[in-house]
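The next block holds one structure in the form of structure tokens; read it before the comments.
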Amino acid sequence: MKIANTSPLPRSISSLFPSRIAGTVAEVLFLLFVGMLAMVIHAKLRIPLQLPGRQGVIFLTLIILGRGLSQIPFAGSIACAGSALILATSWLGFREPLAPVVYLLIGFILDALYLNFRKVMPFVMATVISCGIGWMFIPLIKLGISSLTGLFFTSFRFGILWPVATHLFFGLTGGLLGASMLKVSAHLFKKG
């Protein structure tokens, strides 16, 4: 999706291809790759710091950058579907069986929030707030899953407030980094 007329980048992935269908396919594949890359990085940087949601900084930065290079309206959802696909293979070592579902939901929530906030807020603010709230949904979704299935998530060992607060903070940070990088690149492209 073009970043709501803030023109962060002069071209999208699809504009590099002469055929509209080829461009759309290339964008979808690119977004799936971005989501997969974000999840691989998330898996490789798992360090037990007692800070649930810290991976949101890098994960959301990549998702926002991918969305900024796309014209597809629900680009974040497609990228998160790439994350869900790679999670479903289980070779990354994640032990949560419903993690692919969580990431599919997060992608949809991120896009829905952004598209609504963008109607009333500037690009950076809409991105930051949608990422913060969207990423905060992870412990809330897990709480719902835990309530329905009895599964225990280690992030709840200190209660629900801690993971909600840390997910919100890291989501806001990832959104700010991604949006800032897009704004800086747009500024550089305009000068160049």
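- Taken together through direct or relayed side-chain contacts under 4.5 Å among Ile, Leu, Val, Met, Phe, Trp and Tyr, Phe137 and Leu161 form parts of separate hydrophobic clusters.
- Side-chain N or O atoms of Ser77 include one that pairs as donor or acceptor with a backbone N or O of Gly107 at under 3.5 Å.
- Judged by distance alone, the side chain of Ser83 and the main-chain N or O of Gly35 form a donor-acceptor pair under 3.5 Å.
- Using bins of under 30°, 30° to 60° and over 60° for the plane-to-plane angle, the ring pair Phe108/Phe74 lands in the parallel bin.
- Val120 is connected to Ile133 through a chain of hydrophobic side-chain contacts under 4.5 Å among Ile, Leu, Val, Met, Phe, Trp and Tyr, so both are in one cluster.
- A side-chain donor-acceptor contact under 3.5 Å links Ser130 to the backbone of Ala126.
- Nearest heavy atom pair, residue Met36 against residue Gly82, reads CG-O, 3.3 Å.
- Side chain of Trp135 to main chain of Gly53: a donor-acceptor pair is present (N/O by atom type, distance under 3.5 Å, no hydrogens or angles).
- Between Val101 and Ile141, the closest side-chain pair of non-hydrogen atoms is not below 4.5 Å.
- A donor-acceptor pair under 3.5 Å is absent between the side-chain atoms of His42 and the main chain of Ala38, judged by distance alone.
- Between Tyr103 and Phe59, the distance from one ring center to the other falls under 6.0 angstrom.
- Under the 4.5 Å side-chain heavy-atom criterion for grouping Ile, Leu, Val, Met, Phe, Trp and Tyr, Leu140 is not connected to Leu104 through any hydrophobic cluster.
- By the 4.5 Å heavy-atom criterion applied to side chains, Ile129 and Leu113 are not counted as neighbours.
- Checking side-chain atoms of Ser70 against main-chain N and O of Arg67 turns up no donor-acceptor pair under 3.5 Å.
- A heavy-atom distance below 4.5 Å is not found between the side chains of Ile78 and Val34.
- Under the side-chain contact (heavy atoms from CB on, under 4.5 Å) test applied with Arg54, the options Ile58, Leu51, Val57 reduce to a single match, Leu51.
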